[in-house]
Number of protein chains: 4
Amino acid sequence: MTINSDFHDRLGATILEVFSESDFHAVAIRDIARKAGVSFATIYKHYGNKEGLVFAFVDIWMGRLTDRIIDHLQGMANLKEKLRKIFWLQLDYYEKHNEFAKIIFMTLPMKTWMADESFEQRRMFNLLMDVLRQGQEEGLLNPDIDTRILLDFMLGFVQRSFIMWVQRGQKESLADQTDVMFKMIWRGIVTPERIH
Amino acid sequence: MTINSDFHDRLGATILEVFSESDFHAVAIRDIARKAGVSFATIYKHYGNKEGLVFAFVDIWMGRLTDRIIDHLQGMANLKEKLRKIFWLQLDYYEKHNEFAKIIFMTLPMKTWMADESFEQRRMFNLLMDVLRQGQEEGLLNPDIDTRILLDFMLGFVQRSFIMWVQRGQKESLADQTDVMFKMIWRGIVTPERIH
Amino acid sequence: MTINSDFHDRLGATILEVFSESDFHAVAIRDIARKAGVSFATIYKHYGNKEGLVFAFVDIWMGRLTDRIIDHLQGMANLKEKLRKIFWLQLDYYEKHNEFAKIIFMTLPMKTWMADESFEQRRMFNLLMDVLRQGQEEGLLNPDIDTRILLDFMLGFVQRSFIMWVQRGQKESLADQTDVMFKMIWRGIVTPERIH
Amino acid sequence: MTINSDFHDRLGATILEVFSESDFHAVAIRDIARKAGVSFATIYKHYGNKEGLVFAFVDIWMGRLTDRIIDHLQGMANLKEKLRKIFWLQLDYYEKHNEFAKIIFMTLPMKTWMADESFEQRRMFNLLMDVLRQGQEEGLLNPDIDTRILLDFMLGFVQRSFIMWVQRGQKESLADQTDVMFKMIWRGIVTPERIH
DNA sequence: TATGAATGAGATTTCATTCAT
DNA sequence: AATGAATGAAATCTCATTCAT
């Protein structure tokens with residue numbers, strides 16, 4: 001069952017517009033339908049329910065970030081550079097697609113979002129875990145720390161920084177802070193002896 | 001207008017129980033009322049609406065954490081020890097009162113929660129900012145980094161770690177990871193020359 | 001249990017003011033209490049409930065009309081004059097105390113009002129029935145008609161006229177129409193042979 | 001947006017049943033919905049609120065009476081007969097549909113009912129006024145009396161008689177009293193010289 | 001397959017009335 | 001007695017979702 005591509009585009013645009021500004025439950029599916037020019041019943045046919053609708057699109061947008069990271073990592077050997085690139089790509093993507101980021105970080109009920117075992121979330125998780133694990137195997141990243149903790153360390157910083165960036169008015173570029181921020185992360189995860 | 005203290009206690013317990021397990025909007029105020037043995041009309045009279053109800057209690061619990069931090073910092077001079085203590089107190093409090101933490105980190109719509117300019121949130125913010133600023137003034141913490149970024153660094157890690165701890169089944173103690181985690185934080189924020 | 005006379009007066013004034021303008025159920029007893037400067041709980045102590053409150057006062061005001069009719073009938077012998085006087089007294093009283101009349105004719109749920117077997121309603125009923133019966137016994141009023149129908153004939157006209165007088169803006173005096181209106185009534189109830 | 005005809009019928013029946021027996025405000029819309037087998041949300045969608053619901057049906061039933069009067073007046077020339085017929089049709093309709101009559105005369109807050117400027121109320125009003133005016137123009141009805149007063153005279157008697165008929169237990173037929181009652185009305189409104 | 005009507009649930013508000021002080 | 005807090009019921013509105021066309 002494929003939906004008319006035009007509808008799909010309009011739906012996506014509407015979801016970004018509406019869910020980025022209002023709490024998940026404050027959004028009426030009828031408004032989405034009206035703005036997108038579809039009947040709400042059609043949405044139900046295609047996506048099952050409100051959660052299904054949003055997650056379907058979130059999955060797509062998350063997939064694009066993962067794809068972009070994979071693409072950029074090609075041909076890179078230096079692990080630190082890889083990690084810095086990953087860090088920058090995230091800040092950059094969330095900044096450029098801040099409506100998407102607002103949805104996953106701010107308006108989706110975290111509980112629901114965490115519970116969503118989507119393919120794309122897992123793919124992103126695996127991708128990052130692989131890089132970090134590789135770094136630990138190479139002895140570059142602190143092998144005494146559970147790899148998942150390394151990941152939480154990075155992602156927690158990214159997520160909190162994005163939220164506060166929005167909170168503080170989206171003034172200067174978020175990605176421009178990559179340097180400062182990544183230095184902090186790197187010192188935290190590098191094998192202590194290699195810190196300099 | 002003060003509510004009977006017994007009611008207050010039962011309400012608090014019920015809110016912890018219910019909101020920690022269900023999405024904010026999935027909770028019916030009538031159920032809260034029934035479980036707490038209060039009339040829902042009374043709840044409305046006192047708290048205005050569902051948000052007001054939850055925030056009133058969140059404020060109280062957040063205030064207790066702040067108080068505890070203030071209490072523990074008394075008589076401590078060493079800044080690193082202070083920060084480690086703050087870090088531990090947070091993990092410990094969120095672990096022991098994980099229902100409260102689930103509410104603020106997982107079930108309250110983040111947008112709403114962030115928008116809530118409560119006294120207690122601000123008090124906690126100021127407390128932590130003061131300690132970090134003091135560290136920068138002493139030259140111990142990296143003075144080149146915006147103090148707010150230092151804060152986001154710590155809090156992002158705490159928040160993400162808590163969420164994942166829940167996600168991963170609340171197996172081992174969260175506070176027990178203070179050592180590993182705080183080392184990462186410390187290396188990230190300390191003035192580079194003093195890293196050893 | 002007697003209520004402070006001052007309270008009583010203020011309550012009465014408030015009831016006239018409020019119930020004459022709003023539907024019985026649209027009036028909040030708290031508003032009554034506030035306007036009268038009493039606690040609503042005190043009202044309950046004295047009058048039981050909202051109905052009891054209004055009926056208590058309606059009874060008083062109805063009693064005054066009855067008293068006035070009795071007073072005016074003293075020393076009158078001519079039955080037609082008596083009836084005309086009764087007719088005029090009603091129009092005049094309802095016009096002068098139109099807030100009271102609005103309450104009994106327009107805002108009290110008729111069903112409730114009819115069901116109220118108050119002493120004063122009965123006293124008024126008996127008074128009018130006695131006069132009409134007397135007229136029939138004298139042969140002046142049509143003896144072929146059930147006395148109660150004679151009464152309905154008069155009272156229906158009074159009530160409808162009052163309501164329409166209000167509806168049409170309370171322009172000219174209602175009591176001033178006594179002449180025209182009573183002629184119609186009289187021709188309808190007089191024994192046919194005596195119509196001239 | 002038309003409501004399923006079956007629903008409409010069941011709703012109408014329920015409204016007659018419930019509102020004729022209870023005070024307007026004592027009726028819960030949810031009970032109406034349950035009895036009629038409709039969702040109360042559907043009721044709100046169609047009728048806006050409780051008043052809208054009742055008035056919508058009252059309008060229909062009032063329209064039927066008006067239609068019936070118009071139908072019966074066809075081909076009648078004698079004005080007195082016309083008026084007697086109108087009088088009888090009203091008593092007959094209210095007796096046969098006494099639940100409807102109870103609603104408009106006894107349970108609807110008169111204030112609200114009077115304020116309702118519905119098409120059907122106006123149509124009935126115009127119809128009756130036309131007949132009375134015609135009678136005055138022909139010289140048959142007393143031309144010295146405001147036509148509206150003639151109308152109030154008739155309708156006041158009808159309304160009061162209906163209410164008392166209910167009050168007294170709906171014993172004998174109401175319509176059967178047309179003869180006695182109409183004679184009273186007629187003598188009251190006929191041009192005095194033509195009274196015999 | 002697309003649509004809108006119908007539904008049921010819950011938030012919120014406003015009362016009348018009861019309860020405890 | 002007098003008072004205000006607490007209660008329970010209902011109106012109203014707004015949704016997400018299901019059903020029938």
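Because the structure is a prediction, the values reported are computed rather than measured. Naming: A, B, ... by sequence-line order, numbering from 1 per chain.
Two residues, Val27(D) and Ala26(A), neighbour DNA chain F, and the one matched to the more 5' nucleotide by heavy-atom proximity is Val27(D). Each of Gly48(D) and Ser39(B) was matched to the nucleotide of DNA chain F holding its nearest heavy atom; the match closer to the 5' end belongs to Ser39(B).
For the pair Tyr47(B) OH and dA11(E) P, the computed distance is 17 Å after rounding to whole Å. Atom pair Ile43(A):CD1 and dC19(F):P shows a separation of 19 Å (rounding to whole Å applied). Distance Asn49(C) CG to dC15(E) P: 17 Å, rounded to the nearest Å. Here dG4(E) presents its C1' atom at 16 Å from CG of Asp31(A), a figure rounded to the nearest Å.
OP1 or OP2 of dT3(F) sits under 4.0 Å from a side-chain N or O of Thr42(C). OP1 or OP2 of dA16(F) has at least one side-chain nitrogen or oxygen of Lys50(A) nearer than 4.0 Å.
A salt bridge does not link Lys102(D) with Glu99(D): every distance from a Lys NZ or Arg NE/NH1/NH2 to an Asp or Glu carboxylate oxygen is 4.0 Å or more. The pair Arg34(B)-Asp31(B) meets the salt-bridge criterion, since a charged nitrogen lies less than 4.0 angstrom from a carboxylate oxygen.
Nucleic acid contact for Ala28(D): sugar-phosphate only, since backbone atoms but no base atoms lie under 4.0 Å from a heavy atom of the residue.
A donor and an acceptor atom sit less than 3.5 Å apart, one in the side chain of Arg30(A) and one in the base of dT17(F).
For DNA chain F, if you chain together Watson-Crick or G-U pairs that step i with j, i+1 with j-1 and so on, the runs of at least three with distances under 3.5 Å are E:2-21 with F:2-21.
Under the 6.0 Å cut-off for aromatic ring centres, Tyr94(B) and Phe105(B) qualify, their centroids lying closer than that.
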Worked verdict on Phe24(A) versus Asp23(B) for side chain to side chain contact (heavy atoms under 4.5 Å, CB included): CA-CA 11 Å; Phe24(A) 181 73; Asp23(B) 180 62; 5.9 Å; no

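Using cut-offs of 30° and 60° for the angle between ring planes, the Phe40(C) and Tyr44(C) rings count as perpendicular.
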